[in-house]
2 protein chains.
Amino acid sequence: MNAQPTDASFDTRQRLIEAAILTFAEKGFDGVGIREIALRAKANSALVTYHFGGKEGLYLEALRYIFNRKACHVAELAAAPRFEGPGAREAAIQGLKSHIRAFMEDLMACDRGPDPLDEAAMALMAREMQAPRPVSSALLMEQIRPHVEHLMHCLQVLRADLTTDELLNMGMSIQGQMLYFRNSLGIARLIRGNPNYPEDLEGVIRHFTDFSLRGLGIPEAFPQSRN
Amino acid sequence: MNAQPTDASFDTRQRLIEAAILTFAEKGFDGVGIREIALRAKANSALVTYHFGGKEGLYLEALRYIFNRKACHVAELAAAPRFEGPGAREAAIQGLKSHIRAFMEDLMACDRGPDPLDEAAMALMAREMQAPRPVSSALLMEQIRPHVEHLMHCLQVLRADLTTDELLNMGMSIQGQMLYFRNSLGIARLIRGNPNYPEDLEGVIRHFTDFSLRGLGIPEAFPQSRN
DNA sequence: GACTGATTCAAACGATTGATTAATTCTTGG
DNA sequence: CCAAGAATTAATCAATCGTTTGAATCAGTC
């Protein structure tokens with residue numbers, strides 16, 4: 001593995017990484033050979049060991065590439081200040097709404113157009129989340145933690161009466177519906193008989209927002225008790 | 001592959017299938033060799049081809065074994081009659097509660113004690129749901145469809161004012177949080193720093209029930225408007 | 001143009017893959 | 001008891017795996 005890539009090797013490295021994302025996402029780590037990746041990247045398979053130290057090194061670098069590439073909206077929110085004092089509750093509601101919107105927009109990568117690489121990157125992250133490799137679980141945790149903490153902060157402000165465990169359950173339900181939505185897009189399109197679903201992402205975001213606020217137990221979001 | 005297994009070969013077949021479930025669940029289809037499975041089953045690796053026609057045949061047989069073994073609670077519910085006439089609403093609420101409980105108990109296989117085989121079976125199904133193999137996707141869909149239809153019927157009774165698309169969104173949120181819970185057990189345990197999570201499955205079931213009923217917009221489930 | 005280090009390449013490495021073979025053991029009905 | 005078929009075994013198959021090798025090619029520097 002070389003120390004720092006030069007301009008000459010940068011293109012090859014990038015092509016290998018992108019081919020790795022596409023192919024790993026499609027078939028999983030064990031379902032792909034480095035020859036297949038190298039062929040897709042129009043590079044020699046020996047370069048995988050040369051540039052990344054091996055197949056696993058390429059896999060790790062692919063994950064890092066995904067994390068760095070996705071200048072997430074969620075990441076910006078995670079850096080927001082804490083909600084305190086009067087108006088904290090309203091701010092937390094707005095923060096939760098923003099989180100759901102940002103997370104959905106990140107999930108769908110809707111602001112960069114339909115990019116197959118983004119699509120594959122999310123599929124690969126989904127694989128990694130379900131069956132985390134020991135070597136990459138730390139990388140994944142480091143990436144997810146700030147988002148989790150920001151969401152948990154919103155929830156804690158909104159439901160100060162709940163225990164930490166109950167708050168984690170709330171967060172799990174909120175994140176779960178969105179991540180499952182992303183993971184099962186293919187099936188959902190089949191069930192609805194609509195290959196373009198969701199045409200109305202705004203409607204889906206609105207649904208997740210309302211469902212989450214009600215599920216969380218926010219009175220303002222509950223239609224029957226609103227008036 | 002032999003036509004019908006005799007008594008003599010039944011034990012070996014069973015041992016191979018159970019070893020396959022455990023090992024496939026742990027490392028995925030491509031991450032396991034038949035020698036490793038055979039070693040775990042204390043059998044000869046050539047018997048995989050002899051009894052099941054090959055590695056993929058063993059995998060399919062393992063899935064069938066899971067489906068047959070798991071006399072799912074959800075499957076019983078799916079065969080329940082439709083909710084009609086007076087009391088339909090109460091019945092639908094109870095039906096939804098039962099569905100969530102049954103689905104969670106099936107997901108966690110908690111009613112037969114902590115059986116590593118059941119645990120592995122669910123992990124394998126989770127893998128299969130996220131990245132279904134072409135040969136087994138039909139088997140999986142056939143297994144899942146009745147559960148989806150039963151859930152949709154409950155939702156339709158409870159929220160007759162919603163469009164089909166909105167109802168599908170509701171169902172997606174309800175199933176999503178549970179499936180995500182199952183799929184991301186590994187990450188959840190990392191986040192909580194508790195490898196034994198969830199110790200209190202009842203609490204999780206109660207949470208999903210409350211969250212779903214509130215999210216669905218059922219007034220009775222909303223604490224602030226209950227009294 | 002010669003030298004240097006980084007990069008790429010074709011070829012081959014040993015190991016392991018799923019599958020096959022042929023011989024052997026086990027089981028069982030006549 | 002004994003053929004006959006089923007079940008199991010060790011050994012081996014070709015293919016592929018990730019990796020290594022050594023030479024070729026490239027880009028700069030003196």
Side-chain angles (χ1 to χ4, degrees), chain A residues 1-63 65 124 127 133-136, chain B residues 1-63 65 124 127 133-136:
Chain A
M1 178 160 42
N2 66 348
Q4 54 247 16
T6 64
D7 290 354
S9 68
F10 184 77
D11 285 347
T12 306
R13 284 176 57 93
Q14 175 122 338
R15 285 204 320 276
L16 277 173
I17 289 176
E18 296 190 354
I21 292 175
L22 292 171
T23 323
F24 280 142
E26 193 178 335
K27 308 183 180 182
F29 181 81
D30 292 312
V32 183
I34 57 172
R35 285 174 179 83
E36 182 179 352
I37 298 176
L39 190 67
R40 193 167 197 164
K42 300 188 199 309
N44 192 289
S45 65
L47 295 177
V48 170
T49 302
Y50 175 75
H51 281 300
F52 307 101
K55 184 186 184 183
E56 194 137 60
L58 172 59
Y59 183 77
L60 277 176
E61 208 56 36
L63 285 183
Y65 182 82
L124 184 55
R127 273 188 193 269
R133 299 191 153 267
V135 288
S136 54
Chain B
M1 177 160 43
N2 66 348
Q4 54 248 16
T6 65
D7 289 355
S9 69
F10 186 78
D11 284 347
T12 307
R13 284 176 56 93
Q14 174 122 339
R15 285 205 319 278
L16 277 172
I17 289 176
E18 295 191 354
I21 292 176
L22 291 171
T23 323
F24 280 142
E26 193 178 334
K27 308 183 180 182
F29 182 81
D30 294 310
V32 183
I34 56 173
R35 284 172 179 83
E36 182 179 353
I37 297 177
L39 189 68
R40 193 167 197 164
K42 300 188 198 307
N44 192 291
S45 65
L47 294 177
V48 170
T49 302
Y50 177 75
H51 281 299
F52 307 100
K55 184 186 184 184
E56 194 138 59
L58 173 59
Y59 184 77
L60 276 177
E61 207 58 35
L63 284 184
Y65 181 82
L124 182 55
R127 274 187 190 272
R133 309 196 143 260
V135 288
S136 54

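Everything numeric in this text was worked out from a predicted model, so none of it was measured. When reading the values below, keep in mind they use all heavy atoms of this one structure, side chains included, and skip hydrogens, waters and symmetry mates. Chain letters run A, B, ... following the sequence lines, proteins first, then strands; residues in each count from 1.
- Nearest heavy-atom pair, A:Gly31 versus B:Asp30, reported as atom, atom and distance to 0.1 Å: CA-OD2, 3.4 Å.
- Looking at residues 22-35 of chain A, you'll see A:Val32, A:Gly33, A:Ile34, A:Arg35 sit with a heavy atom under 4.0 Å from some atom of DNA chain D.
- Atom CZ of residue A:Arg13 and atom OH of residue A:Tyr65 lie 11.5 Å apart, to the nearest 0.5 angstrom.
- Nearest heavy atom pair, residue B:Ile17 against residue B:Ala62, reads CG2-CA, 4.0 Å.
- A cation-pi contact, defined as under 6.0 Å to the ring centre and within 45° of the axis, links B:Arg133 to B:Tyr59.
- With rounding to whole Å, A:Leu47 atom CG is found 7 Å from C:dT7 atom C1'.
- Atom OH in B:Tyr50 sits roughly 4 Å away from atom P in D:dA7 (whole-Å rounding).
- Checked by atom type and distance alone, the side chain of B:Lys55 never pairs as donor or acceptor with a backbone atom of B:Thr49 at under 3.5 Å.
- Between the CG atom of A:Asp11 and the P atom of C:dA6 there is a distance of 19 Å, given to the nearest Å.
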Would you be so kind as to tabulate the donor-acceptor pairs closer than 3.5 Å made by side chains of residues 32-47 of chain A, with sequence neighbours excluded?
| from | atom 1 | to | atom 2 | distance (Å) |
| --- | --- | --- | --- | --- |
| A:Glu36 | OE2 | A:Lys27 | NZ | 2.7 |
| A:Arg40 | NH1 | A:Thr23 | OG1 | 3.2 |
| A:Asn44 | OD1 | A:Ala46 | N | 2.8 |

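- The distance from atom NZ of A:Lys42 to atom C1' of C:dT8 is 16 Å, rounded to the nearest whole Å.
- Judged by distance alone, with hydrogens and angles left aside, A:Asn44 brings a side-chain donor or acceptor within reach of the base of C:dA10, the pair sitting under 3.5 Å.
- In this structure, A:Phe52 atom CZ and D:dT19 atom C1' are separated by 16 Å, rounded to whole Å.
- Across C:dT7, D:dT8, D:dA10, the shortest atom-to-atom separation from the side chain of A:His51 is found for C:dT7.
- A donor-acceptor pair under 3.5 Å is formed between the side chain of B:Arg127 and the backbone N or O of B:Glu26.
- Rounded to whole Å, atom C1' of D:dG18 lies 17 Å from atom OH of A:Tyr59.
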Going through the distances and angles, do B:Phe52 and B:Leu16 end up as a side-chain contact (heavy atoms from CB on, under 4.5 Å)?
CA-CA 10 Å; B:Phe52 307 100; B:Leu16 277 172; 3.9 Å; yes
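- Here C:dT8 presents its C1' atom at 18 Å from CD of A:Gln14, a figure rounded to the nearest Å.
- As a whole-Å value, the separation of A:Arg15 CZ from C:dT7 C1' is 12 Å.
- Distance from the side chain of B:Lys55 is smallest for C:dG18 among the nucleotides C:dG18, D:dA10, D:dT19.
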Test log, rule side-chain contact (heavy atoms from CB on, under 4.5 Å), inputs A:Glu18 and A:Leu22:
CA-CA 6 Å; A:Glu18 296 190 354; A:Leu22 292 171; 5.5 Å; no
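- Where A:Ser45 and B:Gly54 each meet DNA chain C at their nearest nucleotide, the meeting point lying more 5' is that of A:Ser45.
- Between A:Ala46 and A:Glu36, the residue anchored closer to the 5' end of DNA chain D is A:Glu36, taking for each the nucleotide with the nearest heavy atom.
- Five base pairs at each end of the helix from C:dG1-D:dC30 to C:dG30-D:dC1 define two local axes, and these are offset by 10° (rounded to 10°).
- Look at B:Thr49 and you won't find any side-chain N or O under 4.0 angstrom from OP1 or OP2 of C:dG18.
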